[in-house]
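This report refers to the structure that appears directly beneath it.
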Amino acid sequence: MSETYKRIETKLVHAGEPRPRIEGAVEMPIFQSAMFEYEGEASYHDLKYIRLNSTPNQVAVGAKIAALENAEAGLVAASGMAAISTTLLTLLSAGDHLLAQSSLYGGTHDLLTHDFPKFGLSVDFIDADDDTSWKTKLRPNTKAIYVEVMTNPLIEVGDLEGVVRFAREHGLTSIIDNTFASPVNYLPIEAGFDLVLHSATKFLNGHSDIVGGTVAGRRETIERIRHKLNHLGGSMDPHAAFLLNRGLKTLALRMRYQNESTLKIAQFLEGHRAVARVNYAGLESHPRHTRARKLFKGYGGVLSFELRGSVEAAERFMSHTTLPIIAPSLGGVQTLLTRPATTSHAGLSREERMQLGIGDSLIRMSVGIEATDELIEDIEQALE
Ligand code: PLP
């Protein structure tokens, strides 16, 4: 696929779409059939059945994902967490050890700390900015290293090039959750990562109307992950796959607009007297701005900030905005506001959150595609 279409904008529209077009339909139809007639398939995993991730909508959007990521193969799963958990359980067996970035999405962090030990898997958390922290925690049974492209909600940017180098030197599988950047802003496979994961719930679908996940990488690894997914059952429904395929078509348009709008909002917030701190990699004040500028084509649609004052000030600000919706999640067309302490990181203890630098009054904003000046006006009146 990636050979046929050169640029991401074209791949988003055309890659993975059936040829010849089904009944001439210009949009991939929904194949809402749990099973398909037997056609002599030799292996269980090749039978056409929705749980086996082999039906037309799943296959089409998986091929589009592979093309976007410049990967050999791609697949879709029922959620970002289904993609993450299935990938890790494919790569790791009892007795294996994982190095994982300390400030991960709360659900992933929970999986590693609460569920992994029961499967005989161990994890050490690393500072993705400091290579001595990986080097000292490497063990003979370490199999993989897991990072996020930008952390949620502090928008830290780790030494991704260093992670790739380290993984190669030590024969580890390097895995990155690229949800916050999307393939429009960063292409991890080109940067040398072995596997790239997404919560497709966010920017990839972009319309806040499904949950989904994606994985892309080498064909043989993706096939192993698909077989595990077939057993664990976290398969994407055809209707969700149809919506994801539709949402993807506008990803480049949305993402670039969100990059621009978020930078303007971050600059506005940074200049406001009521704001104590803004976390956004596009700001020159961001401690890793130079690195982010080198790695990314844009800095994404999510920022976080702290007001001068307490949790009450944060709550008051949020309730005085009129355009943003106070809701968890991110990456959709609507601007969303949340306090991570009560949503994405509620699964962590307060002590764990404090260690990660996620204060109770931190506000995260996922910037949608509304007019930037209207958003800024609304933020300004709520700050006043
Ligand atoms: N990865 C990141 C960075 C996320 O923000 C999320 C969800 O918020 C996930 C993974 C999990 O995705 P899902 O909710 O689709 O399971």
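Read the numbers this way: they start at 1 and go in the same order the structure lists the ligands and their atoms. Computed from a predicted model, the values in this text were never measured in an experiment.
No side-chain donor-acceptor contact under 3.5 Å links Ser361 and Ser310. No side-chain donor-acceptor contact under 3.5 Å links Asp378 and Thr321.
Shown in contact with Ile84 at under 4.0 Å from a heavy atom are these atoms of ligand 1, numbered in order with element: 10 (C). Atom numbering of ligand 1 starts at 1 in the shown order; those under 4.0 Å from a heavy atom of Gly212 are 15 (O). Ligand 1 places these atoms under 4.0 Å from at least one heavy atom of Asn152: 5 (O). Within ligand 1, the atoms closer than 4.0 Å to a non-hydrogen atom of Thr201 are 13 (P), 15 (O), numbered from 1 in the order shown. Interface of Ser79 with ligand 1, defined as ligand atoms under 4.0 Å from a residue heavy atom, comprises 15 (O), 16 (O).
Of the N or O atoms in Met81, one or more lie within a sub-3.5 Å distance of an N or O in ligand 1. Taking distance alone, with nitrogen or oxygen atoms compared against 3.5 Å, Leu330 stays at or beyond that limit from ligand 1.
Between His289 and Tyr299, the distance from one ring center to the other falls under 6.0 angstrom. Under the 6.0 Å cut-off for aromatic ring centres, Phe305 and Phe317 qualify, their centroids lying closer than that.
Across all non-hydrogen atoms, the minimal contact from His97 to Asp124 is NE2-OD2, 2.9 Å. Closest approach of Glu380 to Phe268, counting heavy atoms only: CB-CZ, 3.7 Å.
At the shortest separation from atom 11 (C) of ligand 1 among protein heavy atoms lies Tyr105 CE2, 3.4 Å. Counting only heavy atoms of the protein, atom 10 (C) of ligand 1 lies nearest to Asp177 OD2, 3.5 Å. Ranking protein heavy atoms by distance to atom 14 (O) of ligand 1, first place goes to Lys202 NZ, 3.6 Å.
Tested against His109, the residues Tyr146, Phe116, Phe125 include a single ring-ring contact (aromatic ring centres under 6.0 Å, His included) partner, Phe125.
By the criterion of a heavy-atom distance under 4.0 Å, neither the backbone nor the side chain of Thr108 is placed next to ligand 1.
A donor-acceptor pair under 3.5 Å links the side-chain atoms of Thr151 to the main chain of Glu156, judged by distance alone.
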